[in-house]
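Every chain is numbered from 1, with letters handed out A, B, ... down the list of sequences. Note: hydrogens, waters and symmetry copies are ignored here, and every other heavy atom, side chains too, is used.
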Amino acid sequence: MSDLRFAPDEAEVERRVEALLFAAAGPLSAADIARRLPEGADVGRAIASLRARYQGRGVELECVADRWRFRTAPDLGFLMTEEREEPRRLSKAALETLAIIAYHQPVTRAEIESVRGVSISKGTLDLLLEMGFVRLRGRRRTPGRPVTYATADRFLEHFGLASLYDLPGAAEMKAAGLLDLSLPVGFEVPDPSRTGSEDEEDPIEDGEAPEFAQDFVGD
Amino acid sequence: MSDLRFAPDEAEVERRVEALLFAAAGPLSAADIARRLPEGADVGRAIASLRARYQGRGVELECVADRWRFRTAPDLGFLMTEEREEPRRLSKAALETLAIIAYHQPVTRAEIESVRGVSISKGTLDLLLEMGFVRLRGRRRTPGRPVTYATADRFLEHFGLASLYDLPGAAEMKAAGLLDLSLPVGFEVPDPSRTGSEDEEDPIEDGEAPEFAQDFVGD
Amino acid sequence: MPEAFQPNLDFTAVEEVDARDAFVVDLEGYEGPLHVLLALARTQKVDLLKLSITKLAEQYLAFVHEARRRNFSLAADYLVMASWLAYLKSRLLLPRTEKGKADEPPAEVMAAALAFRLQKLEAMRKASEALMARPQLKRDVFTRGDPEATVIVPSDRIDASLYELMAAYVGQRRREQGRQYNPTQRIEAFALEEARDWLRDILPRLADWTPLVRVAPVRDEAEGPSQASFTASTLSASLELVKEGAMDVRQEKAFDEVWLKRRGRGLPLELTP
């Protein structure tokens with residue numbers, strides 16, 4: 001173990017700064033580093049030297065807000081992503097929510113919940129937004145100006161639909177054996193391609209996404 | 001962004017391996033790394049080259065449990081006052097038990113007890129399992145089908161060992177017959193007819209872990 | 001400097017430890033007789049394979065003797081070891097020509113086995129020390145403090161067909177229909193207080209067992225509480241009156257008619273099934 005009292009040479013200061021920056025949980029200022037080194041150690045010089053040493057490597061020393069940290073070279077960011085290979089199964093809740101949004105768009109969260117009979121978890125809408133199946137469409141011109149949801153292009157692509165006109169209606173549901181005669185009168189499958197009158201809504205403005213979606217909007 | 005299909009040269013492969021290892025939260029195997037690189041990239045060569053490059057620096061490349069990780073140089077541990085975690089103190093009994101498991105694995109509880117000459121308290125094995133140093137490995141195909149214990153990767157990672165072959169003094173002990181659990185005749189020990197091959201064990205099945213360990217199995 | 005405060009810095013003192021002082025062996029750290037034997041064997045300062053088992057046996061017996069002298073209660077296995085060692089020692093001291101029991105290995109083999117066992121324990125002791133001397137994670141070496149989280153890009157492939165989407169939709173609309181409940185009128189209940197008053201009023205007329213349905217008020221208008229509510233509240237109120245000792249209630253069996261009757265003054269509470 002090195003002796004703290006013994007003044008380390010330049011190379012040793014550089015090693016120490018390297019180790020400190022590597023192990024730190026966040027960026028360190030020169031003062032943060034100096035505090036952990038023997039008095040008189042030239043931190044600025046060590047940082048400059050390290051910076052040169054890592055220049056062009058897979059890892060670089062970066063300065064953010066007067067603090068220093070290692071981070072992978074910006075051009076290698078693509079390496080840090082991992083493609084998930086297995087197809088994802090939509091949960092029952094997600095599929096049901098998606099179905100309601102598809103048929104009833106534009107629809108508010110409260111309306112989705114009234115059809116489902118249960119409240120939607122934050123994660124469900126998040127997931128649909130994240131997957132690009134659903135988008136925020138506008139704000140209903142009603143008290144509270146609730147956000148409305150609609151399907152996004154990815155939805156049509158995924159289900160092989162040319163447009164919302166092609167979303168199967170009651171006739172197809174019947175043909176698929178999903179609807180039978182016992183269904184109460186008045187059951188109607190709305191035609192989503194016709195209900196989307198823009199007059200009832202204001203557009204969503206930039207940066208005013210509802211709180212629960214802010215992780216995904218703007219990605 | 002680099003083009004994944006374009007075969008990168010040696011220096012570029014090294015950069016990428018460096019970036020991957022730096023960014024990773026845990027040790028990566030050569031296969032883990034290769035999966036993120038274009039086919040045919042010589043990961044082994046890149047690792048060897050990186051290892052040499054970082055030799056003697058403040059940060060070094062180390063092999064633990066057959067995987068690679070960057071870590072600070074051991075002689076600089078004294079600098080990391082803020083990062084240091086108060087280690088969980090292992091009792092003498094726990095340490096001995098851990099050593100016996102490490103050097104004799106797979107080993108049954110009765111065998112551990114025969115080496116130490118005393119019974120193990122329930123808490124000792126629990127603690128080692130909980131710390132992730134030890135895992136249930138299987139069941140010995142002997143009467144009573146006793147559970148066998150082995151070390152987990154976490155053990156190698158914690159003590160910076162590339163593999164079980166690197167346990168200190170293991171080769172010498174083995175040569176001296178000290179790792180043989182079948183003691184010379186005439187001394188009362190449980191009969192451990194073992195040589196440590198997988199054939200003599202059944203895997204632990206889900207949900208049949210001994211009661212005291214069930215919180216830890218499946219992690 | 002007063003003698004009593006002279007710290008003993010002479011490390012050779014440790015080596016001069018004899019069997020008696022071996023009692024300082026930390027019994028908590030050395031959990032069993034084997035650990036004590038190992039500690040004692042170390043005082044012989046020889047390779048464990050060249051250990052004098054006879055001497056070790058004597059050391060151990062002295063240890064046990066000392067423990068008894070100090071009224072220190074030793075676990076049974078310490079005593080078992082003591083008697084085994086006493087026996088082994090006596091056999092080792094016998095002339096070689098005398099044979100032991102037929103089914104027993106020679107004393108030398110038993111002694112060698114003990115030495116080997118101690119050697120094994122010693123090896124593990126040293127191994128644990130060697131392990132602890134290695135650079136340990138988060139004590140001596142540190143991994144990256146702020147790793148860059150790998151971004152998981154979800155697979156593009158999603159398992160969901162148009163049929164599933166339709167089924168999910170229809171399923172929910174069905175459930176929604178089932179949930180539709182539009183109360184057309186306010187439900188009014190026959191208040192418990194009213195039921196009590198009603199019962200008290202007609203109590204004098206309940207000298208004989210009368211079915212509940214004939215005691216409860218009969219609904220005579222379209223408005224107001226339902227007949228079921230009249231009956232239910234009357235039953236509740238009757239139970240209160242039973243508790244007060246004013247009436248008796250009985251039912252022959254489950255779902256059978258409930259009968260009510262006034263209780264005669266001074267009659268004890270009748271416990272009916």
Inset, instruction - Flag the one option from L131(C), L121(C), L38(C), T143(C) with the top tally of heavy-atom pairs under 4.5 Å to chain B. - result: L131(C)

Inset, instruction - Among the options H158(B), M80(B), E83(B), pick out the one with the most heavy-atom pairs lying under 4.5 Å from chain C. - result: H158(B)

Inset, instruction - Go through the side-chain N and O atoms of Q44(C) and S52(C) and say whether any donor and acceptor fall under 3.5 Å apart. - result: no

Legend entry - Which atoms of R84(B) approach chain C - backbone, side chain, both or neither, heavy atom under 4.5 Å: both

Legend entry - Region of F70(B) in contact with chain C, defined by heavy-atom distances below 4.5 Å: backbone

Legend entry - Check ion pair R140(B)-E111(B) (N to O, under 4.0 angstrom): yes

Legend entry - K174(B): partners by salt bridge (charged side-chain N to carboxylate O under 4.0 Å, His left out), with sequence neighbours left out: none

Inset, instruction - Run the salt-bridge test on R16(B) and E12(B) with the 4.0 Å N-O cut-off and return the result as yes or no. - result: yes

Inset, instruction - Please determine, among V118(B), T72(B), V64(B), L20(B), the option with the most heavy-atom pairs under 4.5 Å with chain C. - result: T72(B)

Legend entry - For S128(C), all residues meeting side chain to side chain donor-acceptor pair (under 3.5 Å), sequence neighbours excluded: none

Inset, instruction - Could you tell me which of L90(B), T97(B), L161(B) has the largest number of non-hydrogen atom pairs under 4.5 Å with chain C? - result: L161(B)

Legend entry - Region of A73(B) that comes under 4.5 Å of a non-hydrogen atom in chain C: backbone

Inset, instruction - Please determine if E66(C) and R69(C) form a salt bridge, counting it only when a charged side-chain N lies under 4.0 Å from a carboxylate O. - result: yes

